[in-house]
Amino acid sequence: MPEIKLTNITKRWGKFYAVDDVSLDIPDNSFITLLGPSGCGKTTILRMIAGLETPTSGQIRIGDRVVFDSDAGIDVPANKRKVGFLFQNYALWPNMTVYQNISFGLSNVKERLLKIDWEARTASDLIRALQSGKHLRLCAP
């Protein structure tokens with residue numbers, strides 16, 4: 001996952017501020033947790049990153065790409081952000097199985113997905129391990 005950077009993000013509905021001037025840096029390949037009481041803006045922040053909610057002001061970057069900037073008028077739609085979102089309520093479509101709910105989003109991907117050549121990757125790992133003299137744990141895909 002690329003770095004995600006929120007700069008001075010605000011989300012307001014009328015006079016109600018769901019998120020007020022939040023800045024957050026999430027480093028590449030990191031795991032974070034948003035913790036707080038109900039109504040403090042955790043879900044709103046996640047929805048803004050995913051593009052399901054439009055911030056009132058601020059900037060959101062995913063990797064090297066600006067996906068939202070209120071000053072520049074940039075607002076990349078959710079389907080172009082390559083961000084996944086799993087709702088807290090598991091019953092997105094109660095008439096579907098768990099597999100069907102999860103695969104639904106994947107079946108609608110129109111872009112060509114990256115394929116990993118596992119043999120080439122393993123060979124490359126072996127070469128690096130032999131060159132460095134370090135132990136390497138190999139596992140199949």
Side-chain angles (χ1 to χ4, degrees), residues 1-129 131-141:
M1 178 180 83
E3 174 187 32
I4 298 174
K5 184 173 182 138
L6 281 63
T7 308
N8 305 111
I9 289 294
T10 296
K11 177 60 181 176
R12 187 180 73 234
W13 286 280
K15 293 181 180 181
F16 175 74
Y17 283 79
V19 176
D20 188 16
D21 197 32
V22 170
S23 293
L24 177 65
D25 290 333
I26 304 169
D28 184 23
N29 290 320
S30 65
F31 180 87
I32 70 153
T33 302
L34 299 177
L35 182 63
S38 294
C40 74
K42 303 178 299 290
T43 300
T44 303
I45 288 171
L46 294 174
R47 289 178 59 83
M48 289 188 291
I49 291 169
L52 301 175
E53 201 68 64
T54 302
T56 305
S57 63
Q59 184 186 75
I60 300 174
R61 290 179 149 283
I62 300 176
D64 295 334
R65 186 175 178 205
V66 175
V67 295
F68 179 83
D69 190 322
S70 57
D71 293 336
I74 298 170
D75 190 8
V76 176
N79 64 332
K80 302 290 184 193
R81 292 190 186 195
K82 297 184 180 179
V83 172
F85 192 95
L86 182 61
F87 295 93
Q88 187 172 353
N89 182 353
Y90 67 90
L92 296 177
W93 292 283
N95 60 316
M96 293 184 183
T97 66
V98 171
Y99 178 85
Q100 290 169 328
N101 270 278
I102 293 170
S103 65
F104 178 80
L106 297 173
S107 66
N108 289 305
V109 173
K110 304 293 185 223
E111 299 174 21
R112 189 175 173 144
L113 298 175
L114 174 68
K115 291 188 179 182
I116 297 173
D117 183 342
W118 288 104
E119 288 182 27
R121 183 173 178 178
T122 303
S124 174
D125 288 345
L126 281 170
I127 291 168
R128 277 198 308 279
Q131 289 173 338
S132 68
K134 294 182 180 177
H135 293 333
L136 180 67
R137 191 181 103 207
L138 299 176
C139 58

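We're numbering straight along the sequence, starting at 1.
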Shortest non-hydrogen separation from Leu52 to Ala78 and the atoms involved:
CD2-CB, 4.1 Å

Of all heavy-atom pairs between Ser57 and Phe68, which one has the smallest distance, and what is that distance?
C-CE2, 4.2 Å

Among all residues two or more places apart in sequence or in another chain, which pass the side-chain contact (heavy atoms from CB on, under 4.5 Å) test with Ile32?
Ile26, Ser30, Leu34

Rounded to the nearest 0.5 Å, what separates atom NZ in Lys5 from atom CG in Asp25?
4.5 Å

Are Ile9 and Ile60 packed together at the side-chain level, in the sense that at least one heavy-atom pair is separated by less than 4.5 angstrom?
yes

Nearest heavy-atom pair of Leu6 and Ile45: which atoms, and what distance?
CD2-CG2, 3.8 Å

Residue pairs involving residues 12-23 (criterion salt bridge (charged side-chain N to carboxylate O under 4.0 Å, His left out); sequence neighbours excluded)
none

Nearest heavy-atom contact between Arg128 and Ser124 is NH1-OG, 2.8 Å

CD1 on Ile127 to OG1 on Thr122, rounded to 0.5 Å
11.0 Å

Heavy-atom nearest pair, Ile62 first then Pro2, reads CG2-CG, 3.8 Å

Write down the atom of Phe31, the atom of Thr33, and the distance for their closest heavy-atom approach.
CE2-OG1, 3.9 Å

Could you grab the distance from atom CE of Met48 to atom NZ of Lys11, nearest 0.5 Å is fine?
7.5 Å

Using side-chain hydrogen bond (donor to acceptor under 3.5 Å, both in side chains) as the criterion, list what pairs up with Thr97, not counting sequence neighbours.
Gln100

Sequence neighbours left out, what pairs pass salt bridge (charged side-chain N to carboxylate O under 4.0 Å, His left out) with at least one residue falling in residues 94-104?
none

Would you please name every residue forming a side-chain hydrogen bond (donor to acceptor under 3.5 Å, both in side chains) with Thr7, sequence neighbours left out?
none

How would you list all residue pairs meeting salt bridge (charged side-chain N to carboxylate O under 4.0 Å, His left out) that involve residues 60-78, not counting sequence neighbours?
Asp75-Arg81

